[in-house]
Peer 1: 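After the structure tokens below, expect a handful of questions from me.
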Amino acid sequence: MAYLGNPGRTIAVLEKYNFRFRKSYGQNFLIDDHILSKIVEAAGITKDDCVLEIGPGIGTMTQYLCEAAGRVVAVEIDSSLIPILNDTLSEYDNVTIINEDVLKVDIRALCDTYNGGRPIKVVANLPYYITTPIVMGLFESHVPLDSITVMVQKEVAQRMQTGPGSKDYGALSLAVAYYSKAEVVATVSPNCFIPKPNVESSVIRMTLHKENPVDVNDEALLFKLIRATFNQRRKTLVNSLSNAGIPGVDKDKIRAALSTMNKPEAVRGETFTLEEFATLSNLLG
Ligand code: SAM
């Protein structure tokens, strides 16, 4: 089977199987071999790597991954794509296709089974309707991960990469910064997909930190504080946190912590850096 990364071959496969796109699964298939090569190159895949691909579609990127990696595990929710994948990937003996919802898959068990518990790389053209739960789920599960290289909506890539002072700064930006070093490696036009999405896309590579970038005594508390802050981002930090009902976090304690940090009482949490949230969390914990 020749590479699928162009419009003609993709359409031929779709017609052969009379495939009907399901919008609810965020199905936009890549048809640009230049972008496909760029993603695999940016992910730095070698034959020593085990790659988890989320949403292989008809196997377009999977073919590139199978060529570059030692092993590929591809998780696809749409059962109508499984016979297609068995066909388009029939030449490769280093791929395992799993017909499941990735949000329900035990990724740690996959790492154990397919890579002896060693860190895996995640590479995907993500379904945009669940980008944040997928990325947050990967981070919070603390499974051994080397990097996550994914196509996402351009606006989401901006949110993932930004700092205080930007309207895009929020809980996702802080989680990405806490867990990884993020870099946008490509911007991708809607013309590179079939069907065309309504938005521009970006490929972002998140390389997981080997050590935490900040000292935090209670990671769960840190993220509770961050979520509470951005749930009510226009309020002062004192108000947004005291409204959130976090056990042990009351107005007096927050005011005392701000005073220790030399911050004014009316400060908004959206101005805080990751380091400042970490300090606050350690003072309140
Ligand atoms: N990788 C293919 C490509 O680049 O051409 C397809 C990418 S398409 C944007 C997203 C893929 O994710 C679709 O194949 C879709 O069926 C699949 N998908 C959607 N939700 C999923 C889920 N919860 N778990 C696993 N796969 C999912």
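Whatever order the structure lists them in is the order used to number ligands and atoms, beginning at 1.
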Peer 1: For Val75, counting its heavy atoms only, list the atoms of ligand 1 lying under 4.0 Å from any of them.
Peer 2: 25 (C), 26 (N)

Peer 1: Pair Tyr92, Glu67 - check side-chain hydrogen bond (donor to acceptor under 3.5 Å, both in side chains), show working.
Peer 2: CA-CA 8 Å; Tyr92 300 101; Glu67 296 279 344; 2.7 Å; yes

Peer 1: Taking 4.0 angstrom as the limit and counting only heavy atoms of Leu126, give me the atoms of ligand 1 inside it, by number and element.
Peer 2: 9 (C)

Peer 1: As an exercise, state the distance from OG of Ser189 to NZ of Lys154, rounded to the nearest 0.5 Å.
Peer 2: 11.0 Å

Peer 1: Show the nearest heavy-atom pair for residues Ser173 and Thr162, with the distance to one decimal.
Peer 2: CB-O, 3.5 Å

Peer 1: Please list the nearest protein heavy atom to atom 19 (C) of ligand 1 with its residue and the distance rounded to 0.1 Å.
Peer 2: Tyr25 O, 3.1 Å

Peer 1: Check the pair Leu4, Gln63 against side-chain contact (heavy atoms from CB on, under 4.5 Å), reporting the backbone distance first and the verdict last.
Peer 2: CA-CA 8 Å; Leu4 294 167; Gln63 292 182 327; 3.7 Å; yes

Peer 1: If only atom types and distance count, is the side chain of Arg268 paired as donor or acceptor with the main-chain N or O of Arg234 below 3.5 Å?
Peer 2: yes

Peer 1: Gly26 heavy atoms, cut-off 4.0 Å: which ligand 1 atoms fall inside?
Peer 2: 8 (S), 9 (C), 10 (C)

Peer 1: Where the side chain of Asn125 meets the backbone of Val150, is there a donor-acceptor pair that is under 3.5 Å apart?
Peer 2: no

Peer 1: Under the criterion side-chain contact (heavy atoms from CB on, under 4.5 Å), which of Phe272, Phe223, Tyr178 is the partner of Phe277?
Peer 2: Phe272

Peer 1: Give the residue and atom name of whichever protein heavy atom lies nearest to atom 5 (O) of ligand 1, and the separation in Å to one decimal.
Peer 2: Leu30 N, 2.8 Å

Peer 1: What's the verdict on side-chain contact (heavy atoms from CB on, under 4.5 Å) for Ile148 and Phe139, showing C-alpha distance, side-chain angles and the deciding distance?
Peer 2: CA-CA 10 Å; Ile148 304 172; Phe139 283 147; 3.9 Å; yes

Peer 1: Please confirm whether Ile54 comes within less than 3.5 Å of ligand 1 when only nitrogen or oxygen atoms on both sides are compared.
Peer 2: no

Peer 1: Would you say ligand 1 has an N or O under 3.5 Å from any N or O of Asp78?
Peer 2: no

Peer 1: Specify the closest pair of heavy atoms between Arg71 and Asp93, including all atoms of both residues, with the distance to one decimal.
Peer 2: NH2-O, 3.6 Å

Peer 1: If the test is side-chain contact (heavy atoms from CB on, under 4.5 Å), which one of Leu222, Ile226, Val249 qualifies with Ser281?
Peer 2: Leu222

Peer 1: Start with the C-alpha gap between Tyr17 and Ser80, add the side-chain angles, then the distance that decides, and say whether side-chain hydrogen bond (donor to acceptor under 3.5 Å, both in side chains) holds.
Peer 2: CA-CA 9 Å; Tyr17 286 89; Ser80 71; over 6 Å; no

Peer 1: Before signing off on this row, confirm whether Val102 and ligand 1 have an N or O atom pair separated by under 3.5 Å.
Peer 2: yes

Peer 1: Near Glu100, which atoms of ligand 1 are under 4.0 Å from a heavy atom of that residue?
Peer 2: 24 (N), 25 (C)

Peer 1: Number the atoms of ligand 1 from 1 as they appear, then name those within less than 4.0 Å of a heavy atom of Asn125, with their elements.
Peer 2: 3 (C), 4 (O), 7 (C), 8 (S), 9 (C), 10 (C)

Peer 1: Suppose we measure from atom 18 (N) of ligand 1 to each protein heavy atom; which comes out shortest, and what is that distance?
Peer 2: Ile77 CG2, 3.6 Å

Peer 1: Between side-chain atoms of residues 18-25 and protein atoms elsewhere (two or more places apart, or another chain), which donor-acceptor pairs fall under 3.5 Å?
Peer 2:
residue, atom, partner, partner atom, Å
Asn18, OD1, Arg20, NH2, 3.1

Peer 1: Nearest to atom 20 (N) of ligand 1, what protein heavy atom do you find, and at what distance?
Peer 2: Tyr129 OH, 2.8 Å

Peer 1: Would Arg22 count as a contact of ligand 1 if the rule is a heavy atom under 4.0 Å away?
Peer 2: no

Peer 1: Kindly identify the option in Cys192, Pro197, Gly5, Gly55 whose heavy atom sits closest to atom 11 (C) of ligand 1.
Peer 2: Gly55

Peer 1: Taking only non-hydrogen atoms of Ile31, do any sit less than 4.0 angstrom from ligand 1?
Peer 2: no

Peer 1: Report yes or no: does a heavy atom of Leu103 sit under 4.0 Å from some atom of ligand 1?
Peer 2: no

Peer 1: Within a distance under 4.0 Å of any heavy atom of Asp101, pick out the atoms of ligand 1 and give their elements.
Peer 2: 22 (C), 23 (N), 24 (N)

Peer 1: Is Tyr128 in contact with ligand 1, taking contact as a heavy-atom separation below 4.0 Å?
Peer 2: no

Peer 1: Hey, which atoms in ligand 1 end up nearer than 4.0 Å to a heavy atom of Leu81?
Peer 2: 14 (O)

Peer 1: Contact between Met151 and ligand 1, counting heavy atoms under 4.0 Å?
Peer 2: no

Peer 1: Taking atom 14 (O) of ligand 1 as the point of reference, which of Glu76, Glu53, Gln27, Lys104 owns the nearest heavy atom?
Peer 2: Glu76

Peer 1: Identify every side-chain donor-acceptor pair in residues 28-37 under 3.5 Å, counting partners at least two apart or on other chains, and give the distances.
Peer 2:
residue, atom, partner, partner atom, Å
Asn28, ND2, Pro195, O, 2.8
Asp32, OD1, His34, N, 2.9
Asp32, OD1, Ile35, N, 3.1
Ser37, OG, Asp33, O, 2.9

Peer 1: Does the pair Leu172 and Met160 meet the rule for a side-chain contact (heavy atoms from CB on, under 4.5 Å), with working shown?
Peer 2: CA-CA 6 Å; Leu172 183 63; Met160 287 173 156; 3.8 Å; yes

Peer 1: Which atoms of ligand 1 are found less than 4.0 Å from any heavy atom of Asn28?
Peer 2: 7 (C), 8 (S), 9 (C)

Peer 1: Give the contacting part of Pro56 toward ligand 1: side chain, backbone, both or neither, where contact means a heavy-atom distance below 4.0 Å.
Peer 2: backbone

